[in-house]
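First comes the structure, then the notes that go with it.
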Amino acid sequence: MDQKISKEFGISAKKEDNFSEWYSQIIEKTGLADFISAKGFIVLRPYGFAIWDLIKNYLDQKFKETGHLNGFLPCLIPESLLNKEEKHFKGFNPEVFWVTSSGDSLLSEKLALRPTSEALLYSIFPKWISSYRDLPLKMNFWNTALRAEIKSTKPFIRNSEFLWQEGHTAHVDKKEAEDEVMTILYLYKHFIEKILSIPTISGYKSNKEKFVGADYTTALEGMMPDGKALQLGTSHNLGLNFSQPFDIKFLNKNNIEDFVWQTSWGISWRLIGAIIMVHGDDKGLILPPIVAPIQIIIIPVYKNVNEQLVKEHANRLKDSLVSLGYRVFVDQRDEFTAGWKYNEWEMKGVPVRINIGQRDIESNKVEVVRRDNRQKSIVPMENLSKEIEKIFQRLQYDLYCKAETYLKEKTKVITNFDDFKRNLDSYSGFIVTGWCGSEDCEVRVKENTGADIRVIPFDSKDLPTGLNTTHDVIKDCIYCGKKANKIVIFAKAY
RNA sequence: GGGAUCAUAGUCUAGUUUGGUAUGAUGCCAGCCUCGGGCGCUGGAGGUCGUCGGUUCAAAUCCGGCUGAUCCCA
């Protein structure tokens, strides 16, 4: 818990009217993060870090269940290493921060502040891998990455340094690497959709948008309330692109030397940004229960005469809920009225509030309030934990449905470029259309409309339901008009 | 890359046209009051008016440079 909670009034911007002002206000006023002078960097405050911690705890367990082990990597990468995979280097170079000196003396070789760790980690893989018995090698790292974002920054969405996790694996053959890519992608998808209640579209990235150095990139694309796309997770098949330059070889069962097949994958604190944007309302944050630092806030409602009694009951209630595994906080501060506290904790997105006062104690009931729709109910003590469980599930489900309805509304099939342009002028959203596969068309569309290919869905099942995407409808490339060989989603993106 | 607007207490802000050492709110501190949807009262602390320079007896105010922020256009 943050020791100091601002007494200032709540969110004054409306999500609908001024989305980006609303977003910054949420971050500052709920105590998630703060800003310092260095542009593009943010300070994560305890409330924000607690959310990240919960994301981390959940995923870390899943990674371990699927056989991955954590490690730690230095944050500096010698230029020569980063340079080894040429495409990779070129792709990242514009946004790499370089360390060039120690004290007053210049370093003999520049060191990069890691934009990602492939090069560094893979330079040491040959020491660890010599036999098929050493494979698969499956590692994960919870750390930060640095990518210079000068032009436009947005807390949690685009920062020069961000918290993330990067997974790296090496396998005996292509098939095993391909399976790993998908295992992770669907692990992410389950987490983002079922736990964070954010619908996603899964598929491939185009060559232009894929991870530099990957054979292909799979991704989960979400839609924000302004209709823009936000990439929520990626899982890359690196093929042999790194094992060859880094000489990562092993002896297979037939005593033949072979290169390993590799994958890498990651999610970042962008997910926090997505939770804020997708679920938040004019009153503030709405946190899905599993990532809520405080799941239940108890507000004792008392007068001078019964203060002691009510607080005692509130604390006893807290103890019993904590023993059931909930994260609970009793707001006993005297300097605020109950009404103030309601607003404060709603702003902070606590999913369930319990009010307890004299009359509740007498009737052995409490008032339970759900954050998203602020529905109140009077619940007898003996039903309380059951009721809370029910609210958590409903809330999680309703948040998802709301977001999914929006995604469906803002996803259209468009096959004519004039309509396409007109649509992107007046509104943002996902446009499902045909593409011939040429990078040239993709670039031209971007130049003309600001939208690019966010994702190439694996299958029509990956698209929102109710769209007509048969070959009769989507025949041609949206730009050149030649035969389309892919159905893709164009959108403006963060 | 081009343009516009702005910079005053932790935050928001009045004052700038017409030069005279800064207004109000909120937050903060102390005390009282009590809390079922952002209570109220009393007192107090908090400012080199973004920065550097110029004009002037005198600059938040007029002029110029710089820095930073926001928005619009490419």
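Note: hydrogens, waters and symmetry copies are ignored here, and every other heavy atom, side chains too, is used. First the proteins, then the strands, lettered A, B, ... as listed; each starts at 1.
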- Item | Atom C1', compared across C52(B) and A14(B): separation rounded to whole Å | 27 Å
- Message: Please report the distance, rounded to the nearest Å, between CG in Asp331(A) and P in G38(B).
- Response: 15 Å
- Mark yes or no for whether Asn383(A), through its side chain, and Pro380(A), through its backbone, hold a donor-acceptor pair below 3.5 Å. no
- Item | G20(B) - base-pair partner by Watson-Crick or wobble geometry, distances under 3.5 Å | C57(B)
- Message: When the P atoms of U48(B) and C12(B) are compared, how many Å lie between them, rounded to an integer?
- Response: 16 Å
- With rounding to whole Å, what would you report as the distance between C41(B) and G27(B) at their P atoms? 12 Å
- Is the side chain of Asp226(A) donor-acceptor paired with the backbone N or O of Lys228(A) at a distance under 3.5 Å, no angle test? yes
- Task: Between A45(B) and G31(B), how far apart are the C1' atoms? Round to whole Å, please.
- Result: 15 Å
- Note on the structure: Checking G36(B), G38(B), G37(B) against the side chain of Arg353(A) (C-beta onward), the nearest is G37(B)
- Sorted by position of nearest nucleotide on RNA chain B, 5' first, the leading residue of Asp334(A) and Ser20(A) is Asp334(A)
- Among Phe211(A), Trp435(A), Tyr216(A), which residue meets the ring-ring contact (aromatic ring centres under 6.0 Å, His included) test with Tyr204(A)? Tyr216(A)
- Note on the structure: If pairing means Watson-Crick or G-U wobble with both distances under 3.5 Å, then the partner of A14(B) is none
- Item | G53(B) versus U17(B) - spacing of their P atoms, nearest Å | 23 Å
- Message: Please determine whether a side-chain nitrogen or oxygen atom of Thr337(A) lies at a distance below 4.0 Å from atom OP1 or OP2 of C39(B).
- Response: yes
- Round to the nearest Å and state the distance from Glu335(A) atom CD to U34(B) atom C1'. 13 Å
- Query: Taking N and O atoms by type only, does the side chain of Glu346(A) place a donor or acceptor under 3.5 Å from a partner on the base of G37(B)?
  - Reply: yes
- Message: Please confirm whether the shortest side-chain N or O distance from Lys303(A) to OP1 or OP2 of U34(B) is below 4.0 Å.
- Response: no
- Message: Work out how far the C1' atom of U16(B) is from that of U5(B), and round it to whole angstrom.
- Response: 16 Å
- Message: Say we look at A25(B) and G40(B): how far apart would their P atoms be, to the nearest angstrom?
- Response: 13 Å
- Message: Between A9(B) and U51(B), how many Å separate the two P atoms, rounded to a whole number?
- Response: 10 Å
- Lys NZ or Arg CZ of Arg147(A) over Phe92(A) ring: under 6.0 Å, within 45°: no
- Message: Nearest to the Asn355(A) side chain among G37(B), C71(B), G36(B), which nucleotide is it?
- Response: G36(B)
- Task: Measure from NZ on Lys311(A) to C1' on C35(B) and round the result to the nearest Å.
- Result: 11 Å
- Query: If we ignore angles and hydrogens, is there a donor and acceptor under 3.5 Å between the side chains of Asp334(A) and Tyr302(A)?
  - Reply: yes
- Task: Could you walk me through whether Asp331(A) and Ile297(A) pass side chain to side chain contact (heavy atoms under 4.5 Å, CB included), step by step?
- Result: CA-CA 7 Å; Asp331(A) 190 346; Ile297(A) 180 73; 4.1 Å; yes
- For C6(B), the Watson-Crick or wobble partner whose two distances fall under 3.5 Å: G68(B)
- State whether Asn304(A) places a side-chain N or O below 4.0 Å from either non-bridging phosphate oxygen (OP1 or OP2) of U34(B). yes
